[in-house]
> 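There's a structure below that I have some questions on.
Please read these numbers as outputs of a predicted model, since none were measured by experiment.
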Amino acid sequence: MAGQGSRYLKEPFECAHEHRFIATEKIMALQFETVEKRLERIEAMILGVEKRLWMTVFGVVGVILSQAVQSLLEYGPK
């Protein structure tokens, strides 16, 4: 009587490892897609910051040059 019962309750399926492997591959693919999307958003944000930084640099240089020209005009021949 000890051998009675369903063998599926006692023995693991042969393909259980294959299903785990496939599931792991799917999860990893989703994670890589998510990481790629995040990296693309970060790169876009960095480009925006870089543009703003260059505009700030050009603005500061413009102010310094305009003050230098203004001071030269003040001390020049009258």
> Mind checking whether E33 and L30 have side chains closer than 4.5 Å, heavy atoms only?
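With C-beta onward as the side chain, the pair touches.
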> Work out which heavy atom in A68 is nearest to a heavy atom in S71; give both atom names and the distance.
O-OG, 2.8 Å
> Let me see the working for Q31 and T34 under side chain to side chain contact (heavy atoms under 4.5 Å, CB included), right down to the final yes or no.
CA-CA 5 Å; Q31 288 175 340; T34 304; 5.6 Å; no
> Would you compute the distance between atom CD of E40 and atom CD of E36 and round it to the nearest 0.5 angstrom?
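E40 CD to E36 CD: 7.0 Å, rounded to 0.5 Å.
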> Could you tell me the separation between the CD atom of E25 and the CD1 atom of I27, rounded to the nearest 0.5 Å?
11.0 Å
